[in-house]
Amino acid sequence: MAKINPDELCPCESGLLFKNCHQLKIKTPIQPAITHKIKLKIIPEPDPNTRSVFIYNGEGTTVFRGYETGIEMNCGHCSSPLISGLNSNSVSNIVIRCKACGKFNEVQ
């Protein structure tokens with residue numbers, strides 16, 4: 001989806017600038033403060049085609065981010081955040097390779 005410039009006319013065709021019309025109605029998700037940290041279990045690199053392994057190459061170390069809870073799941077080796085803001089039962093039975101240290105973390 002294209003980002004709308006606040007000084008452009010609103011796409012709803014009201015004749016108002018976007019900042020004076022619908023921009024105020026767009027919700028920005030707010031992540032709760034981290035209140036509970038879970039240290040993930042380090043495992044050896046899984047054999048090919050035996051587990052779902054997530055290798056994240058984006059910015060930072062957090063692979064999955066949600067806005068549900070204050071739970072953070074951290075690398076069992078270097079404590080970098082890998083999963084943040086999701087219920088522990090929302091993500092399970094996967095392996096995440098930590099971008100910071102390269103260790104494989106099991107999410108049960």
Side-chain angles (χ1 to χ4, degrees):
M1 176 186 267
K3 187 170 182 175
I4 302 169
N5 183 324
D7 293 319
E8 289 180 10
L9 289 175
C10 191
C12 76
E13 299 181 357
S14 66
L16 298 172
L17 295 178
F18 180 66
K19 67 182 177 186
N20 298 326
C21 192
H22 278 91
Q23 183 177 20
L24 303 174
K25 297 174 185 168
I26 296 175
K27 282 189 171 182
T28 302
I30 299 170
Q31 185 175 2
I34 301 302
T35 56
H36 185 66
K37 294 184 179 189
I38 299 171
K39 196 170 193 174
L40 298 174
K41 179 183 173 187
I42 298 295
I43 62 169
E45 182 175 1
D47 291 330
N49 301 317
T50 60
R51 301 286 301 270
S52 295
V53 179
F54 288 82
I55 300 172
Y56 178 65
N57 294 316
E59 200 171 302
T61 60
T62 304
V63 179
F64 299 108
R65 185 179 311 276
Y67 302 95
E68 301 168 13
T69 68
I71 295 174
E72 183 176 84
M73 295 178 220
N74 297 327
C75 174
H77 180 73
C78 71
S79 297
S80 293
L82 301 177
I83 301 172
S84 182
L86 293 173
N87 285 315
S88 52
N89 61 357
S90 296
V91 183
S92 62
N93 201 26
I94 63 169
V95 176
I96 299 174
R97 189 183 78 183
C98 179
K99 182 180 172 186
C101 69
K103 300 288 184 185
F104 290 87
N105 292 266
E106 183 174 46
V107 183
Q108 296 179 324

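Residue numbers start at 1 and run along the sequence shown. Since we're looking at a predicted model, the values are computed, not measured.
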Considering all heavy atoms of both residues, which atom of [X] and which atom of [Y] are nearest to each other, and what is their separation?
{"X": "F54", "Y": "V63", "answer": "CB-CG1, 4.4 Å"}
{"X": "G15", "Y": "L9", "answer": "O-CD2, 3.6 Å"}
{"X": "F104", "Y": "P44", "answer": "CB-O, 4.4 Å"}
{"X": "H22", "Y": "C10", "answer": "ND1-SG, 3.3 Å"}

Give the cluster check for [X] versus [Y]: same hydrophobic cluster or not, with ILVMFWY residues linked at side-chain heavy-atom distances below 4.5 Å.
{"X": "V107", "Y": "F64", "value": "yes"}
{"X": "M73", "Y": "I34", "value": "no"}
{"X": "V53", "Y": "Y56", "value": "no"}
{"X": "L40", "Y": "I71", "value": "yes"}

Do the side chain of N105 and the main chain of G76 share a donor and acceptor less than 3.5 angstrom apart?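 Here the side-chain-to-backbone pair exists.
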Any donor-acceptor N/O pair, T61 side chain to P81 backbone, under 3.5 Å: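 Here the side-chain-to-backbone pair exists.
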Between I42 and C75, is a side chain to side chain contact (heavy atoms under 4.5 Å, CB included) present by the stated rule, with each step listed? CA-CA 8 Å; I42 298 295; C75 174; 4.2 Å; yes
Kindly indicate whether the side chain of [X], heavy atoms from C-beta on, has any atom under 4.5 Å from the side chain of [Y].
{"X": "S80", "Y": "T62", "value": "no"}
{"X": "C98", "Y": "L82", "value": "yes"}
{"X": "E68", "Y": "L86", "value": "yes"}

Inter-residue atom distance [X].[atom1] - [Y].[atom2], 0.5 Å rounding:
{"X": "Q108", "Y": "I43", "atom1": "CD", "atom2": "CD1", "answer": "9.0 Å"}
{"X": "I83", "Y": "I94", "atom1": "CD1", "atom2": "CD1", "answer": "5.0 Å"}
{"X": "E8", "Y": "F18", "atom1": "CD", "atom2": "CZ", "answer": "9.0 Å"}
{"X": "S84", "Y": "E72", "atom1": "OG", "atom2": "CD", "answer": "5.0 Å"}
{"X": "R51", "Y": "D47", "atom1": "CZ", "atom2": "CG", "answer": "11.0 Å"}

For N49, I'd like to know if atom CG has over 12 heavy atoms of other residues, nucleotides or ligands within 6.0 Å.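 Atom CG in N49 is not crowded, with 12 or fewer foreign heavy atoms closer than 6.0 Å.
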Taking CD in E59 as the centre, count heavy atoms belonging to other residues, nucleotides or ligands within less than 6.0 Å. Is the count above 12?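 No, the 6.0 Å shell around CD holds no more than 12 heavy atoms from other groups.
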Of all residues at least two apart in sequence or in a different chain, which pass the salt bridge (charged side-chain N to carboxylate O under 4.0 Å, His left out) check with K19?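 Per chain and number, K19 pairs via salt bridge (charged side-chain N to carboxylate O under 4.0 Å, His left out) with D7.
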